[in-house]
Amino acid sequence: MAEISPQDMTAKVGEILGSSEWITVDQDMINKFADATGDHQFIHIDEEKAKLTPFGGTIAHGFLTLSLFPLMSAKSNMPRVAGVKMGVNYGGNKVRFLAPVRAGKRVRGHFKLLELTEKRPGQWQQTLEFTVEIEGEDKPALMAEWISQFFV
C-alpha cells in the first residue's frame, strides 16, 4: 500500500482513491448487529417471515452496511497518509440507502476524495464519497459523504 504525505493527498481531491476487497454479509453478521443495536425487526432476523416480503429473504440493516466503512477502508487499495497517529469519525453530509443487501451477498466499497483540508497544524479533515457496491447488482447499497479527521 502506497504511503503519501497529507499535502500530496490534497492533489487527489476529485479522484477515486480505490476500492475494497469483497466482504460477505451473512446472516450471522446480521444477527450480531441486531443484538448489538437492539434492532430485531423481522426483515433482518426471521428468515421465514422475510421470505414473504418483497425482499424475498432477510436483509442487512442499512446501518450495518454503513458501519462497514472502516473495514472496507482498511481492506482497500487506497493510498495511506504517512504518519497518522489517530483518526476519528466526524460525521456525514449525506447518507442514502439505495438498495437492500440480502443475507449472503458480497459487497465492496469505493472511495472518492471530495475534500481534504488542514484544520490546524497536523489535524486534517477529509470528506470521502463512499459507495457500497453489491456484487451482481446494478444499484449500489448506499452512497454517503463521510467526514473524518486524522492527526499526523
Passes side-chain contact (heavy atoms from CB on, under 4.5 Å), Leu114 versus Val13? Steps please.
CA-CA 5 Å; Leu114 299 178; Val13 169; 6.0 Å; no
Just distance, no hydrogens or angles: give the donor-acceptor pairs under 3.5 Å from side chains in residues 139-152, sequence neighbours left out.
{"from": "Glu145", "atom 1": "OE1", "to": "Asn93", "atom 2": "ND2", "distance (Å)": "3.2"}
{"from": "Trp146", "atom 1": "NE1", "to": "Asn89", "atom 2": "OD1", "distance (Å)": "3.0"}
{"from": "Ser148", "atom 1": "OG", "to": "Gln126", "atom 2": "NE2", "distance (Å)": "3.3"}
{"from": "Gln149", "atom 1": "OE1", "to": "Gln123", "atom 2": "NE2", "distance (Å)": "2.7"}
{"from": "Gln149", "atom 1": "NE2", "to": "Gln125", "atom 2": "OE1", "distance (Å)": "2.7"}

Counting only N and O atoms by type, is there a donor-acceptor contact under 3.5 Å from the side chain of [X] to the main-chain atoms of [Y]?
{"X": "Lys112", "Y": "Phe130", "result": "no"}
{"X": "Glu118", "Y": "Gly122", "result": "yes"}
{"X": "Gln41", "Y": "Ala34", "result": "no"}
{"X": "Ser67", "Y": "Leu64", "result": "yes"}
{"X": "Asn77", "Y": "Pro79", "result": "no"}
{"X": "Arg102", "Y": "Phe55", "result": "yes"}

Could you give the distance from [atom1] ([X]) to [atom2] ([Y]), rounded to the nearest 0.5 Å?
{"X": "Met78", "Y": "Met9", "atom1": "CE", "atom2": "CE", "result": "7.5 Å"}
{"X": "Ser73", "Y": "Phe111", "atom1": "OG", "atom2": "CZ", "result": "5.0 Å"}
{"X": "Thr53", "Y": "Asp46", "atom1": "OG1", "atom2": "CG", "result": "10.5 Å"}

Over all heavy atoms of both residues, which pair between Gly104 and Thr24 is shortest? Give the atoms and the distance, please.
O-CG2, 4.0 Å
Donor-acceptor pairs under 3.5 angstrom involving side-chain atoms of residues 14-21: please list them, not counting sequence neighbours.
{"from": "Ser19", "atom 1": "OG", "to": "His110", "atom 2": "ND1", "distance (Å)": "2.6"}
{"from": "Ser20", "atom 1": "OG", "to": "Gly109", "atom 2": "N", "distance (Å)": "2.8"}

salt_bridge(Arg108, Glu135) N-O dist < 4.0 Å:
no
Is there a side-chain contact between Val84 and Met86, using heavy atoms and a 4.5 Å cut-off?
no
For the CG atom on Asp138, are there more than 12 heavy atoms of other groups (residues, nucleotides or ligands in this structure) within a distance under 6.0 Å?
no
Give every residue pair that meets the ring-ring contact (aromatic ring centres under 6.0 Å, His included) criterion with at least one member in residues 3-40, sequence neighbours excluded.
Phe33-His61
